Amino acid sequence: MIADVSKSNKIVVEKSTVPVKTAEAIEKILTHNSEGINFQILSNPEFLAEGTAIQDLFEPDRVLIGGRETPEGQKAIKALRDVYAHWVPVDRIICTNLWSAELSKLAANAFLAQRISSVNAMSALCEATGADVSQVSHAVGKDTRIGPKFLNASVGFGGSCFQKDILNLVYICECNGLPEVANYWKQVIKVNDYQKTRFVNRIVSSMFNTVSGKKIAILGFAFKKDTGDTRETPAIDVCKGLLGDKAMLSIYDPQVSEEQIQRDLSMNKFDWDHPVHLQPTSPSSMKQVSVVWDAYAATKDAHGICILTEWDEFKTLDYQKIYDNMQKPAFVFDGRNIVDVAKLREIGFIVYSIGKPLDEWLKDMPAVA
């Protein structure tokens with residue numbers, strides 16, 4: 001379409017995360033349809049994070065521009081750099097070749113996901129040994145070479161990018177005859193899947209080895225707080241695991257609609273990434289799932305609570321009131337390590353917090369089914 005409507009030379013900028021060498025494909029299509037017009041392709045991946053996107057746009061850590069190492073390519077890079085220079089300090093604008101720019105975006109997401117899987121792998125060891133993953137990650141993060149960010153143990157990472165980008169990286173490695181490198185990055189996803197499975201197994205084994213017919217409150221469905229995005233959220237796999245054992249789920253998330261939750265739980269993995277007309281048209285409503293509009297309704301008469309998104313409001317709930325309205329023994333499974341464990345145990349809850357020393361109740365229960 002660009003080739004059809006272009007009357008003069010153009011700079012085409014690819015923004016979204018794309019497989020490495022996409023720019024080359026765009027270039028070939030445009031060149032073969034150019035009719036004398038010169039096209040320069042630039043790769044300018046965006047590093048916005050959901051929940052802080054506007055701030056990330058105004059004050060980016062870096063802006064990355066990749067282009068051809070020809071005089072025309074360098075001129076195109078300078079044109080885009082001059083646009084960003086209106087509000088971004090020039091030393092934060094990095095100019096590279098095309099492939100470096102495309103690969104840097106995949107590498108950045110892979111490194112971030114790897115950190116989460118690293119701390120989640122440690123969380124399993126912490127539970128087995130009686131260590132506290134928060135203390136371990138705090139101590140590790142004090143090393144300036146490592147730093148404190150992205151070291152929170154959780155039920156697993158989600159979002160539309162991490163898994164997709166790592167699988168993309170794996171594919172590129174395999175295509176280039178690098179199976180060892182591909183397997184290394186695959187392990188990041190395997191640990192993430194293991195963490196979700198481990199969480200479900202911990203719930204089932206704690207509750208007398210079955211959740212069949214029991215009401216379980218799910219607090220939070222989005223993949224992280226301050227967004228309504230549910231793509232690849234760990235909540236989907238946790239809920240499906242519990243539904244597989246015939247649990248009755250009552251779900252509350254302040255930003256996610258009932259329609260979205262029902263759709264997510266009835267779709268196959270990665271269906272969300274297909275064009276809308278290829279997605280299931282009317283997702284079959286799950287009879288074992290009810291979606292409610294506050295945490296107190298979700299937890300009323302429940303046997304257990306799973307916290308799957310770190311929404312701030314979940315830290316300040318009246319847990320005494322919640323406890324009084326639940327079936328006993330009452331369980332809290334904190335997948336985001338946001339509750340005050342000692343306070344909840346004082347109220348009477350049996351609490352499981354990822355990577356924390358286990359409640360006496362849980363010590364005899366195997367974590368893996």
Side-chain angles (χ1 to χ4, degrees), residues 16-25 43 45-47 49-50 64 99-128 133 136-137 140 146-147 149-202 223-224 229-241 244 264 267-274 308 335-336 354-355 367-369:
S16 58
T17 314
V18 291
V20 172
K21 302 256 171 160
T22 298
E24 195 172 72
S43 171
E46 52 88 1
F47 295 99
E50 288 191 48
L64 191 54
W99 318 140
S100 297
E102 289 183 333
L103 192 54
S104 294
K105 174 62 179 175
L106 296 184
N109 278 349
F111 275 50
L112 290 170
Q114 180 196 41
R115 275 177 81 100
I116 297 171
S117 281
S118 295
V119 77
N120 283 344
M122 294 309 295
S123 76
L125 185 58
C126 287
E127 287 169 32
V133 75
V136 172
S137 58
V140 168
I146 297 170
K149 292 183 178 173
F150 264 67
L151 287 180
N152 295 323
S154 69
V155 65
F157 60 74
S160 62
C161 291
F162 283 0
Q163 180 150 325
K164 169 176 67 66
D165 287 355
I166 291 176
L167 290 172
N168 192 340
L169 201 55
V170 166
Y171 176 73
I172 295 164
C173 293
E174 287 172 345
C175 288
N176 284 286
L178 302 170
E180 293 82 3
V181 183
N183 289 335
Y184 175 77
W185 289 111
K186 261 184 208 166
Q187 204 59 37
V188 172
I189 292 175
K190 282 185 181 166
V191 169
N192 196 49
D193 290 339
Y194 162 75
Q195 188 77 341
K196 292 181 281 193
T197 305
R198 205 169 71 78
F199 190 75
V200 172
N201 290 342
R202 184 69 85 182
F223 82 91
K224 67 176 181 181
D229 194 345
T230 60
R231 290 175 295 180
E232 291 300 302
T233 173
I236 294 173
D237 286 335
V238 171
C239 289
K240 283 184 172 178
D264 286 334
M267 279 203 288
N268 293 322
K269 211 164 173 55
F270 291 125
D271 271 1
W272 59 265
D273 208 16
H274 296 165
L308 300 183
R336 296 288 177 175
I354 284 182
V368 182

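Please read all numbers here as calculations on a predicted model, not as lab measurements.
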Looking at CD1 of Ile236 and CZ of Phe223, how far apart are the two atoms once the value is rounded to the nearest 0.5 Å?
11.5 Å
Is there a side-chain contact between Tyr194 and Asn120 (heavy atoms, below 4.5 Å)?
no
Closest heavy-atom pair, Ser43 versus Ala101, reported as atoms and distance to 0.1 Å, is OG-CB, 3.6 Å
Side chain to side chain contact (heavy atoms under 4.5 Å, CB included) between Glu127 and Arg202, worked out:
CA-CA 11 Å; Glu127 287 169 32; Arg202 184 69 85 182; 2.8 Å; yes
Heavy-atom closest pair, residues Val191 and Ser117:
CG1-O, 3.4 Å
Tell me, please, which residues at least two apart from Ser154 pass side chain to side chain donor-acceptor pair (under 3.5 Å).
none
Where is the tightest heavy-atom contact between Ala23 and Trp99, given as atom of each residue plus distance?
CB-CZ3, 4.3 Å
Pairs in or reaching into residues 165-178: which pass side chain to side chain donor-acceptor pair (under 3.5 Å), with residues at least two apart or in two chains?
Asn109-Asp165, Glu174-Lys186
Just grab all the salt bridge (charged side-chain N to carboxylate O under 4.0 Å, His left out) pairs involving residues 101-115, residues at least two apart or on different chains.
none
Over all heavy atoms of both residues, which pair between Val238 and Val155 is shortest? Give the atoms and the distance, please.
CG2-CG2, 3.8 Å
Is there a donor-acceptor pair under 3.5 Å between the side chain of Arg336 and the backbone N or O of Leu308?
yes
Let me confirm one number: the CG-CZ distance from Asn201 to Arg198, rounded to the nearest 0.5 Å.
9.5 Å
Within-4.5 Å side-chain heavy-atom neighbours: Ile354 and Gln195
yes
Checking side chain to side chain contact (heavy atoms under 4.5 Å, CB included) for the pair Leu151/Ile146: CA distance, chi angles, key distance, verdict?
CA-CA 10 Å; Leu151 287 180; Ile146 297 170; 4.3 Å; yes
Side chain to side chain contact (heavy atoms under 4.5 Å, CB included) assessment of Phe157 paired with Glu232:
CA-CA 8 Å; Phe157 60 74; Glu232 291 300 302; over 6 Å; no
Going by an N to O cut-off under 4.0 Å, is there a salt bridge joining Asp237 and Lys240?
no
Could you walk me through whether Leu103 and Leu169 satisfy the side chain to side chain contact (heavy atoms under 4.5 Å, CB included) test, starting with their C-alpha distance in whole Å, then the side-chain angles of each, then the deciding distance to 0.1 Å, before giving a yes or no?
CA-CA 8 Å; Leu103 192 54; Leu169 201 55; 3.8 Å; yes
Would you call the rings of Phe162 and Phe150 parallel, tilted or perpendicular, where under 30° means parallel and over 60° means perpendicular?
tilted
Once you round to the nearest 0.5 Å, how far does SG of Cys161 lie from CZ of Phe47?
11.0 Å
Is Val170 close to Ile189 at the side-chain level, that is, under 4.5 Å between some pair of heavy atoms?
no
At what distance, to the nearest 0.5 angstrom, does CD1 of Ile172 lie from CG of Leu167?
11.0 Å
Looking at every non-hydrogen atom in both residues, tell me the closest pair between Cys173 and Val181 and how far apart they are.
SG-CG1, 3.6 Å
